[in-house]
Chemist: 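Dropping the structure in here first, questions after.
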Amino acid sequence: MPTETAYAKINLALHVRRRREDGYHELETLFAFVDAGDVLTGAPAAQDSVTTLGEFAGVLDNPFDNLVARALNVLPRPQGLAVTLEKNLPVAAGLGGGSADAGAVFRIVEALHGLPDDWQARAAKLGADVPACVLSRTHVGLGTGTEQVDVEDDLAGTPVLLVNPRVPLSTGPVFKAWDGEDRGALPQGPASQIAREGRNDLEAPAISLCPVIAEVLAALQATSPWLARMSGSGATCFALYETPEARDAAAAAMPAGWWTMAGQLR
């Protein structure tokens with residue numbers, strides 16, 4: 001029974017360049033993945049099924065419409081797959097949780113049967129982050145995020161803390177609240193330089209809709225990370241530290257009501 005972690009996706013930098021005529025936005029982002037997340041197990045079965053458990057299982061309203069079920073639907077296989085999803089990541093949190101779950105399904109199917117040659121196109125139809133989440137490694141995403149560009153990854157193993165105030169924030173309204181100003185391209189260089197010199201253009205619009213994000217960022221900044229920023233469209237924020245001890249001390253300093261996850265970058 002293959003078991004896969006749906007690694008939490010974070011955007012170390014996210015530059016929104018313009019709104020496209022198709023309604024999507026032209027993005028430049030530095031994707032990175034934490035070595036923790038949801039956990040999926042797949043077992044051969046007569047027909048496909050999805051069983052959800054874990055802290056955030058109750059938030060997934062329709063098990064037949066979540067990205068796990070949709071990923072199963074787009075992948076040809078000789079037999080069904082019974083998937084158990086342990087939902088540890090908050091939903092609508094800027095962590096690509098659903099996309100990461102779909103990416104894990106692709107890897108489970110790959111282990112059992114292999115993937116079709118056009119797997120990337122199938123993944124992109126499920127969501128802009130899904131192809132990145134299948135690979136789950138640090139890289140630059142262009143276009144809507146589906147175009148993958150390799151980058152020198154000098155951040156693997158970096159201690160990271162994720163913090164979410166337990167407030168869901170949908171992506172659509174955040175993009176709608178973006179002011180439309182192009183603040184320039186993603187920096188060049190290794191991942192650490194792009195992260196340091198980059199920004200998240202959705203931070204300000206997200207804070208305007210969900211002011212507690214500013215409190216999360218301030219709490220993280222107070223723990224002296226070398227970088228603290230919001231991920232994706234929020235409301236999760238992350239902080240990168242020099243040592244696991246500094247990360248763990250920061251986690252202990254967060255308010256008890258907030259969700260936290262400690263790990264390291266893959």
Side-chain angles (χ1 to χ4, degrees), residues 8-33 67 70 91-100 102-103 118-153 155 164 167-211 213-214 216-217 227-238 240:
K9 177 256 342 166
I10 57 176
N11 304 84
L12 295 176
L14 176 57
H15 294 204
V16 186
R17 304 301 304 276
R18 66 181 180 91
R19 183 178 168 86
R20 294 155 40 128
E21 290 182 6
D22 62 7
Y24 288 96
H25 290 75
E26 197 74 27
L27 305 176
E28 297 176 9
T29 187
L30 177 59
F31 286 116
F33 293 84
L67 274 166
R70 289 168 57 200
V91 176
L95 295 173
S99 299
D118 63 345
W119 71 263
Q120 285 188 293
R122 293 171 187 259
K125 284 180 181 171
L126 297 173
D129 285 352
V130 176
C133 289
V134 175
L135 299 174
S136 287
R137 58 177 170 76
T138 299
H139 69 279
V140 167
L142 303 176
T144 59
T146 57
E147 188 184 326
Q148 293 153 359
V149 178
D150 288 336
V151 67
E152 182 189 334
D153 181 13
L155 290 177
N164 182 282
V167 179
L169 184 59
S170 296
T171 300
V174 178
F175 272 104
K176 203 166 278 186
W178 174 60
D179 63 9
E181 184 181 334
D182 182 355
R183 291 172 173 81
L186 211 61
Q188 300 292 308
S192 62
Q193 184 177 350
I194 297 173
R196 282 183 195 274
E197 298 176 6
R199 57 184 191 272
N200 184 343
D201 287 332
L202 296 181
E203 215 166 84
I207 289 171
S208 74
L209 297 171
C210 184
I213 294 170
V216 176
L217 286 168
L227 179 68
R229 190 169 284 155
M230 189 185 82
S231 178
S233 57
T236 304
C237 301
F238 65 87
L240 304 181

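Residue numbers count from 1 along this sequence.
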Chemist: Start with the C-alpha gap between Leu126 and Leu67, add the side-chain angles, then the distance that decides, and say whether side chain to side chain contact (heavy atoms under 4.5 Å, CB included) holds.
Modeler: CA-CA 7 Å; Leu126 297 173; Leu67 274 166; 4.0 Å; yes

Chemist: Roughly how far apart are Arg19 CZ and Lys176 NZ, rounded to 0.5 Å?
Modeler: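 Arg19 CZ to Lys176 NZ: 7.5 Å, rounded to 0.5 Å.
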
Chemist: Is a salt bridge present between Arg137 and Asp153, judged by a nitrogen-to-oxygen distance below 4.0 Å?
Modeler: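 Result for this pair is no, no salt bridge flagged.
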
Chemist: Out of Asn200, Thr144, Asp201, Asn11, which residue meets the side-chain hydrogen bond (donor to acceptor under 3.5 Å, both in side chains) rule with Thr29?
Modeler: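 In the set Asn200, Thr144, Asp201, Asn11, the residue that makes a side-chain hydrogen bond (donor to acceptor under 3.5 Å, both in side chains) with Thr29 is Asn11.
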
Chemist: Taking everything shown except Glu181 itself, do over 12 heavy atoms lie less than 6.0 Å from its CD?
Modeler: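 Enclosed: over 12 neighbouring heavy atoms sit under 6.0 Å from CD of Glu181.
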
Chemist: Determine whether Leu202 and Leu14 make a side-chain contact, defined as any pair of heavy atoms from C-beta on separated by less than 4.5 Å.
Modeler: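 Side-chain contact under 4.5 Å: yes.
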
Chemist: List the atom of Ala102, the atom of Val130, and the distance in Å for their closest heavy-atom pair.
Modeler: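 Residues Ala102 and Val130, closest heavy atoms: CB-CG1, 4.0 Å.
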
Chemist: Could you measure the distance from the CD atom of Glu147 to the CD atom of Gln120? Nearest 0.5 Å is fine.
Modeler: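 Between atom CD of Glu147 and atom CD of Gln120 there are 11.0 Å.
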
Chemist: Rounded to the nearest 0.5 Å, what separation is found between the CG atom of Leu30 and the CD atom of Glu28?
Modeler: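 Reported to 0.5 Å precision, the distance equals 11.5 Å.
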
Chemist: Which distance, rounded to the nearest 0.5 Å, do you find between the CD of Gln193 and the CD of Glu152?
Modeler: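 Spacing of CD (Gln193) from CD (Glu152) equals 9.5 Å.
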
Chemist: Compare all side-chain heavy atoms of Cys133 with those of Phe33 and state whether any distance is below 4.5 angstrom.
Modeler: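 Cys133 vs Phe33: side chains touch.
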
Chemist: Decide side chain to side chain contact (heavy atoms under 4.5 Å, CB included) for Leu217 and Glu203; before the verdict, give the C-alpha distance in whole Å, the side-chain angles of both, and the deciding distance to 0.1 Å.
Modeler: CA-CA 10 Å; Leu217 286 168; Glu203 215 166 84; 3.7 Å; yes

Chemist: Ignoring hydrogens and angles, tell me if any N or O in the side chain of Ser231 forms a donor-acceptor pair with the backbone of Gly94 under 3.5 Å.
Modeler: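 Such a contact is found between Ser231 side chain and Gly94 backbone.
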
Chemist: Could you check if a side-chain atom of Phe31 sits within less than 4.5 angstrom of a side-chain atom of Asp129, using non-hydrogen atoms only?
Modeler: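 With C-beta onward as the side chain, the pair touches.
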
Chemist: Given the rule in the side chain to side chain contact (heavy atoms under 4.5 Å, CB included) test, do Thr138 and Leu155 qualify, once you have shown the distances and angles that lead to the verdict?
Modeler: CA-CA 9 Å; Thr138 299; Leu155 290 177; 5.7 Å; no

Chemist: Is any side-chain heavy atom of His15 less than 4.5 Å from a side-chain heavy atom of Pro187?
Modeler: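 Yes, side chains in contact.
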
Chemist: Identify the heavy atoms of Ser208 and Ala177 that sit nearest to each other, and give their distance.
Modeler: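 Nearest pair, atom of Ser208 first, then Ala177: OG-CB, 4.4 Å.
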
Chemist: Say you draw a straight line from CD1 of Ile194 to CG of Leu12; how long is it, rounded to the nearest 0.5 Å?
Modeler: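 These two atoms lie 9.0 Å from each other.
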
Chemist: Restricting to non-hydrogen atoms, name the atom on Ser170 and the atom on Pro173 that form the minimum distance, rounded to 0.1 Å.
Modeler: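 Scanning both residues, the minimum pair turns out to be O-CD, 3.4 Å.
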
Chemist: Give a yes or no on whether the backbone of Asp182 and the side-chain of Arg18 come within a donor-acceptor separation of less than 3.5 Å.
Modeler: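 No.
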
Chemist: I'd like to know if the side chain of Arg183 and the backbone of Arg199 have a donor-acceptor N/O pair within less than 3.5 Å.
Modeler: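 The answer is no, because no donor-acceptor pair under 3.5 Å joins these two groups.
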
Chemist: Can you confirm whether Lys9 sits close enough to Ser99 that some side-chain heavy atom of one is under 4.5 Å from a side-chain heavy atom of the other?
Modeler: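 When only atoms from C-beta onward are counted, Ser99 and Lys9 do not touch, as no gap falls below 4.5 Å.
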
Chemist: Looking only at heavy atoms, which two atoms of Ala128 and Thr146 are closest? And how far apart?
Modeler: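 Looking at all heavy atoms of both residues, the shortest contact is O-CG2, 3.3 Å.
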
Chemist: Does some side-chain heavy atom of Val149 sit less than 4.5 Å from a side-chain heavy atom of Leu142?
Modeler: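 In short, these two side chains touch, coming nearer than 4.5 Å.
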
Chemist: Can you check whether Leu169 reaches Ile213 side chain to side chain, under 4.5 Å on heavy atoms?
Modeler: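 In short, these two side chains touch, coming nearer than 4.5 Å.
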
Chemist: For Phe238, enumerate each residue passing the ring pair (Phe, Tyr, Trp, His ring centres under 6.0 Å) test, keeping only those at least two apart in sequence or located in another chain.
Modeler: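 By the ring pair (Phe, Tyr, Trp, His ring centres under 6.0 Å) rule, Phe238 matches no residue at all.
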
